[in-house]
Amino acid sequence: MPSNRLAKRIIACLDVDGGRVVKGIQFQQLRDAGDPAVLASAHASAGADEIVLLDITATSDGRKTLTETVRRTASELFVPFTVGGGIRTLEDAARIFEAGADKVSINSAAVANPALVSEIAGRFGSQAVIVAIDARRNDGPTEKAEIYVAGGRTAPGKYVLAWAREMEDRGAGELLLTSMDRDGTGSGFDCELTADVATAVSIPVIASGGAGNVQHFVDVFSTGKADAALAASIFHFSTHAVAELKQTLLSHGTPVRWPC
Amino acid sequence: MIAIVDYGAGNISSVKKALEHLGADAIVTCDPMQIAAAEKLIVPGVGHFSRCQSLNKNLRSSVLESMRTGRPFLGICVGMQWLFQGSTEAPETPGAGIFSGECSRFPAEVKCPHVGWNQIECNGGSRLLHGINNGAFVYYTHSYRAPVIAETSACTEYGGAFSAAVERDNIYGVQFHPEKSAETGLKILENFCAF
């Protein structure tokens with residue numbers, strides 16, 4: 001057995017609004033392709049190593065359904081399960097954990113109140129806290145890349161590298177790094193940005209934003225030094241997408257969980 | 001009836017959920033009477049070794065008594081580390097000392113925590129890992145690990161080899177999270193339920 005076979009993780013992300021998956025109606029055989037619980041299990045069966053449920057609901061009414069959605073989704077899911085979106089307090093996080101999530105992902109709330117990261121880590125352990133960082137560098141060097149909140153609309157004036165280190169110091173267990181420059185373009189992950197952040201911290205970095213084809217994953221795990229990669233739409237082409245992706249990664253020497 | 005011992009160490013609902021999925025009868029409890037009455041015990045846990053202090057304080061004697069009378073015991077993650085003598089993570093908190101050795105942090109040359117899916121190399125003959133292929137992937141999330149000892153039934157390589165699973169008589173421990181390790185993990189829990 002090779003000395004280090006820690007697998008590079010493929011994480012499937014479900015965007016949920018008011019309890020329904022809003023992007024990517026993909027598995028044609030499913031009786032309800034908009035049900036997060038059904039879809040999460042389908043992704044896990046298809047080989048996804050983890051599931052992230054991102055609540056993009058803007059209204060508080062819709063937000064209330066989140067706990068129930070998390071509970072239903074977690075009930076038949078036996079891979080790691082992360083929930084993000086609208087978690088602003090320790091109580092919010094506690095409710096999500098109680099409903100069955102293994103990790104919470106926080107973004108804007110960490111910027112508004114960095115101590116929240118330490119609070120959640122102190123109560124539930126660092127392994128339960130992912131800090132999501134939305135980064136934009138406009139072709140500049142990573143040293144000048146800034147973080148964004150509120151869906152990319154607001155720049156609170158913090159550099160990505162310093163913020164990543166601060167979040168690690170405050171107890172984040174992993175970082176979910178999204179390139180705002182690449183997100184939605186399908187032109188590939190920002191490998192330079194990802195590698196710079198992954199080198200700056202000792203906690204795992206999940207790359208996000210820009211996945212368009214299998215080669216992009218090969219690149220982000222090699223030159224990008226990512227520990228995991230997250231994608232939504234790339235998995236929506238077929239039920240075999242994850243398996244095909246993993247076989248390609250294996251053929252490039254990238255360790256992945258296989259068979260899965 | 002399987003009692004999942006609740007001593008305030010992280011999220012344990014996922015263990016109960018997995019057991020229910022397998023059709024097992026399980027309760028989550030911190031009551032020494034219920035622990036004493038249970039046919040099997042699971043001590044889960046994720047987080048800091050110092051949490052074991054509450055296990056030591058209130059539940060140690062009932063858990064050890066259950067083990068002594070031959071009832072199957074499974075420690076998961078910190079619950080497995082507790083079976084050892086202690087951990088450098090919290091030197092003031094003793095372990096149960098069922099297995100010799102001390103848990104320690106991963107060396108600086110590897111990323112810490114060790115998060116994700118890694119492979120186990122089985123020594124063969126393990127009852128808990130019966131039917132699990134050598135090289136199977138399981139899910140880990142931890143910063144401290146137990147040394148490889150005579151009772152190690154499977155090990156994983158990450159900054160050197162560590163104990164992925166330990167086993168002696170009715171006492172079992174796994175460093176990984178079977179409740180989060182998809183089919184492989186469910187099979188391991190199924191084996192435990194069948195003891």
Side-chain angles (χ1 to χ4, degrees), chain A residues 1-11 41 44-45 47-51 71 74-81 93-94 96-104 121-128 130 168 171-174 198-199 201-206 225 227-228 255-260, chain B residues 8-22 45-49 51 77-78 106 108-122 133-143 154-161 177-187 189:
Chain A
M1 199 160 64
S3 64
N4 183 3
R5 289 288 298 177
L6 177 61
K8 301 292 189 180
R9 288 170 283 155
I10 304 297
I11 302 176
S41 287
S45 300
D49 297 313
E50 285 190 47
I51 305 294
R71 196 180 309 283
S75 69
E76 287 292 314
L77 194 59
F78 302 105
V79 298
F81 179 38
I96 296 300
F97 289 129
E98 191 278 323
D102 302 297
K103 316 178 193 182
V104 293
R123 173 70 187 84
F124 297 96
S126 283
Q127 86 293 331
I130 295 179
E168 177 181 26
E174 298 176 69
T199 306
V201 297
S202 70
I203 54 178
V205 172
I206 305 162
K225 297 188 168 80
D227 299 284
V256 292
R257 178 172 67 109
W258 187 265
C260 56
Chain B
N11 179 10
I12 56 178
S13 68
S14 54
V15 175
K16 181 165 189 280
K17 203 177 66 183
L19 293 175
E20 285 170 349
H21 173 80
L22 295 168
V46 60
H48 204 275
F49 194 82
R51 293 268 179 185
C77 195
V78 174
F106 282 107
E109 66 260 27
V110 289
K111 277 205 173 195
C112 188
H114 174 224
V115 179
W117 298 80
N118 209 332
Q119 290 179 287
I120 52 174
E121 189 174 14
C122 307
N133 292 330
N134 224 7
F137 280 92
V138 291
Y139 186 78
Y140 285 101
T141 176
H142 61 132
S143 298
C155 53
T156 290
E157 287 281 344
Y158 188 72
H177 288 272
E179 75 280 13
K180 290 290 149 192
S181 296
E183 293 305 318
T184 298
L186 291 175
K187 172 65 182 158
L189 290 175

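Residue numbers begin at 1 in each chain, while the letters A, B, ... track the order of the sequences. Below, all heavy atoms of this structure are taken into account, side chains as well, without hydrogens, waters or symmetry copies.
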Identify the heavy atoms of [X] and [Y] that sit nearest to each other, and give their distance.
X: A:G100; Y: B:S13; result: CA-OG, 4.2 Å
X: B:H21; Y: A:E76; result: ND1-OE1, 2.9 Å
X: A:E174; Y: B:V115; result: OE2-CG1, 3.7 Å
X: A:W258; Y: B:F137; result: N-CE1, 3.5 Å
X: B:P113; Y: A:G173; result: CG-O, 4.1 Å
X: B:W117; Y: A:V79; result: CZ2-CG1, 4.0 Å

Discussion item. Let me confirm one number: the CZ-CD distance from A:R5 to B:E157, rounded to the nearest 0.5 Å.
Written reply: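 One gets 12.5 Å once the value is rounded to the nearest 0.5 Å.
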
Item to complete: Supply the atom-to-atom distance A:Q127 CD to B:Y140 OH, rounded to the nearest 0.5 angstrom.
Response: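 Here the rounded value is 16.0 Å.
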
Fill in: Most contacts with chain B, counted as non-hydrogen pairs under 4.5 angstrom, among A:G125, A:S126, A:A99, A:P80
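Most heavy-atom pairs under 4.5 Å with chain B: A:P80.
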
Worksheet item: Heavy atoms, side chains only, cut-off 4.5 Å: are B:Y158 and A:L6 in contact?
Response: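 Side chain of B:Y158 against side chain of A:L6, heavy atoms only: contact under 4.5 Å found.
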
Discussion item. At a heavy-atom distance under 4.5 Å, which candidate from B:G185, B:A18, B:A136 has the highest pair count against chain A?
Written reply: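 Top option by heavy-atom pairs under 4.5 Å: B:A18.
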
What part of [X] gets within 4.5 angstrom of chain B, counting heavy atoms only: side chain, backbone, both, or neither?
X: A:R257; result: both
X: A:A44; result: neither
X: A:A94; result: neither

Worksheet item: Using non-hydrogen atoms only, which part of B:H142 is less than 4.5 Å away from chain A: side chain, backbone, both, or neither?
Response: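 Neither part.
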
Worksheet item: Considering residues, nucleotides and ligands other than B:E183, do more than 12 of their heavy atoms fall under 6.0 Å from its CD?
Response: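 For B:E183, atom CD is not crowded (no more than 12 foreign heavy atoms under 6.0 Å).
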
Item to complete: Keeping the roles fixed (side chain from B:K180, backbone from A:F78), state whether a donor-acceptor pair exists under 3.5 Å.
Response: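 Side chain of B:K180 to backbone of A:F78, a donor-acceptor pair under 3.5 Å: no, none is there.
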
